[in-house]
> 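Got a structure for you, written out below as structure tokens; questions coming shortly.
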Amino acid sequence: MIPGPFGYHRPASVGDAIKLLASLGEEARPLAGGHSLIPMMKLRLATPGHLVDLHGIAGLKGIHRDGNRIAIGAMTTQHELLASDEIRSSLPILQEAAALIADPQVRYRGTIGGNVANGDPGNDMPALMLTLGAAYRLEGPSGAREVMASDFYQGAYFTALEPGEILTSVTIPLPAAGHGYAYEKLKRKVGDYATAAAAVVLTMAGGKVASCAIGLTNLHETPLLAVDAANAVIGTSLDAASLKKAAAAAEAIMSPAADARGPVEYRKHVGGIMVTRALQRAAHRAK
Amino acid sequence: MAKIHVTMKVNGAEVEGLVEPRTLLVHFIRENLQLTGTHIGCETTHCGACTVDIDGMSVKSCTMFAIQANGSDITTIEGMANADGTLSHLQEGFRQMHGLQCGYCTPGMIVRAHRLLQENPAPTEDEIRAGIAGNICRCTGYQNIVKAIQYAAAKAKGVEFKEAAE
Ligand SMILES: Cc1cc2nc3c(=O)[nH]c(=O)nc-3n(C[C@H](O)[C@H](O)[C@H](O)COP(=O)(O)OP(=O)(O)OC[C@H]3O[C@@H](n4cnc5c(N)ncnc54)[C@H](O)[C@@H]3O)c2cc1C
Ligand code: FES
Ligand code: FES
């Protein structure tokens with residue numbers, strides 16, 4: 001369980017990190033919390049020739065409100081998200097989901113940037129980012145650009161990140177005041193990735209759903225936005241028939257892998273249940 | 001790969017060593033520093049036996065490179081006793097409440113519980129169970145570990161913990 005050899009670099013600025021990645025070429029990878037990358041390196045499923053550790057870059061940490069958007073630095077840890085009053089009051093769904101990621105030790109190290117940049121379908125934050133309409137700031141040798149989370153994921157471990165680019169922050173528009181939210185995650189045990197999970201953010205008006213977004217985790221090779229499922233409940237009071245329609249519409253776009261977490265049929269079935277539960281719990285919380 | 005010089009504070013003492021970048025912190029602690037109280041259970045970031053306290057965080061030392069700990073302040077199980085060598089409240093709790101059987105998970109459990117009580121001096125039973133969710137014990141069934149941590153929390157407040165071990 002010892003990783004292959006690599007060269008270690010610890011730049012103090014984003015500019016230096018980008019220069020290092022450019023000069024070291026394809027052999028180099030950014031290292032954030034290391035809680036996806038180091039396990040892969042121990043199994044020799046990843047053998048980068050160089051690691052560019054982002055821990056020395058102070059500017060990559062922190063949570064700031066910028067008008068009606070919240071910007072979160074890539075190196076902000078899950079533990080820091082859970083401790084943040086700003087996140088508790090403006091984006092409570094992030095805390096609900098972060099608390100369901102792995103265990104306390106992993107959350108002290110694992111970062112939001114690593115979680116969303118990794119491209120593992122099992123990561124929980126990407127589906128939340130789709131649901132919340134987040135954008136990622138990517139900085140590289142040819143400058144900085146913003147990519148919507150909904151345009152970022154191309155396949156398992158394939159993302160819009162170009163070689164040499166670093167994801168520096170995540171920007172999330174504040175959800176409407178009084179919104180309801182829920183992240184429902186089915187897992188085999190504490191610390192496991194989702195068998196199926198669903199994120200819901202909605203608003204209610206006069207007992208009916210006024211707006212709704214639904215995201216799905218680990219039910220496809222990328223995180224999914226379940227648009228038809230959300231449309232199926234808008235204008236309804238989440239009666240049994242509408243909930244059934246929404247679950248069916250969500251299941252129609254799922255194509256999970258069959259693995260130790262269960263066969264495809266099972267994972268789609270429980271995926272539908274996660275959608276139903278998340279809708280009900282979110283509606284209950286909405287003001 | 002050329003070895004690189006690192007220095008860090010471990011259990012209050014300045015230590016140094018030469019490490020390859022790929023040397024895991026747990027190997028540096030056990031082999032270079034000969035502090036073998038920190039255990040390796042799974043080596044896959046699941047069991048928590050390798051937990052050490054780094055700059056106020058509980059970290060699985062099998063999932064961090066020693067070179068990343070350069071300049072940091074680390075406490076291992078060997079640094080958990082009181083300065084005069086007597087048992088800390090937590091250590092006493094594990095002893096009184098039978099919080100261990102084979103003892104393999106115990107160093108990680110105590111180091112993790114130490115940070116948990118620093119952050120939350122009066123945890124509920126649920127908070128204790130969630131707080132040690134990254135530490136696996138194959139023997140005890142956790143019941144007495146939870147009691148050991150409750151014992152330590154009570155003792156720190158100067159209250160006597162009345163429950164008996166199971
Ligand atoms: C036992 C265990 C259980 C886990 N359970 C879950 C779970 O249930 N849900 C979940 O979501 N996660 C889970 N994780 C993963 C954990 O959340 C990781 O911390 C996270 O996936 C990656 O974040 P990191 O900061 O550790 O990134 P790293 O491991 O350092 O990096 C991951 C990848 O992203 C790249 N990268 C990292 N940061 C950047 C950046 N800023 N810009 C560009 N590229 C970057 C790296 O090069 C690497 O390829 C678990 C991990 C463990 C060990
Ligand atoms: S040995 Fe590190 S978590 Fe098991
Ligand atoms: S006492 Fe044996 S593993 Fe916990």
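The chains referred to below are lettered A, B, ... by the order of the sequence lines, with proteins before strands, and numbering in each begins at 1.
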> Does B/R138, at its CZ atom, have more than 12 non-hydrogen atoms belonging to other residues, nucleotides or ligands within less than 6.0 Å?
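Counting neighbours around CZ of B/R138, 12 or fewer heavy atoms of other residues, nucleotides or ligands fall under 6.0 Å, so no.
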
> Does A/K187, at its NZ atom, have more than 12 non-hydrogen atoms belonging to other residues, nucleotides or ligands within less than 6.0 Å?
yes

> So which atom in B/G56 and which in A/Y108 form the shortest heavy-atom distance, rounded to 0.1 Å?
O-CE2, 4.4 Å

> When you look at CZ of B/R95, are more than 12 heavy atoms from neighbouring residues, nucleotides or ligands closer to it than 6.0 Å?
no

> Where on A/L51 is there a heavy atom nearer than 4.5 Å to chain B: the side chain, the backbone, both, or neither?
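A/L51 touches chain B through side-chain heavy atoms alone.
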
> Heavy-atom distance under 4.5 Å between the side chains of B/H27 and A/M1, does that happen here?
no

> For the side chain to side chain contact (heavy atoms under 4.5 Å, CB included) test, which of B/N135, B/I132, B/V59 pairs with A/Q105?
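Going through B/N135, B/I132, B/V59 one by one, the side chain to side chain contact (heavy atoms under 4.5 Å, CB included) with A/Q105 is satisfied by B/N135 alone.
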
> Would you call B/K60 and A/D103 a salt bridge, taking side-chain N to carboxylate O under 4.0 Å as the test?
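Salt bridge flag = yes for A/D103 with B/K60.
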
> Of all heavy-atom pairs between A/H55 and B/Q68, which one has the smallest distance, and what is that distance?
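Scanning both residues, the minimum pair turns out to be ND1-NE2, 3.8 Å.
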
> Does atom CD of B/Q118 have more than 12 heavy-atom neighbours from other groups under 6.0 Å away?
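Atom CD in B/Q118 is packed in, count exceeds 12.
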
> For atom OH of A/Y157, is the number of surrounding heavy atoms from other residues, nucleotides or ligands below 6.0 Å larger than 12?
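Counting other residues, nucleotides and ligands, OH of A/Y157 exceeds 12 neighbours.
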
> Of the non-hydrogen atoms in B/F65 and A/P3, which two are nearest, and what is the gap between them?
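The answer is CE2-CG, 3.9 Å.
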
> Nearest 0.5 Å, what's the OG1-CZ distance between B/T45 and A/R109?
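So the gap between those two atoms works out to 11.5 Å.
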
> Please state whether the side chain, the backbone, both or neither of A/L31 comes within less than 4.5 Å of a heavy atom of chain B.
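Looking at A/L31, just its side chain touches chain B.
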
> Taking atom NZ of A/K61 as the centre, report whether more than 12 heavy atoms of other residues, nucleotides or ligands fall under 6.0 Å from it.
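Yes, because the 6.0 Å sphere around NZ of A/K61 holds more than 12 heavy atoms from other groups.
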
> Is the count of non-hydrogen atoms from other residues, nucleotides or ligands lying under 6.0 Å from A/R277 atom CZ greater than 12?
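Open.
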
> Looking only at non-hydrogen atoms, find the nearest pair between A/K42 and B/T63 and report the distance.
NZ-OG1, 4.1 Å

> Specify which of B/I54, B/T44, B/I40, B/L24 makes the most heavy-atom pairs with chain A at under 4.5 Å.
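The candidate making the most pairs under 4.5 Å is B/L24.
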
> Might you point out which heavy atoms bring B/R112 and A/P104 nearest each other, and give the distance in Å?
NH2-CB, 3.5 Å

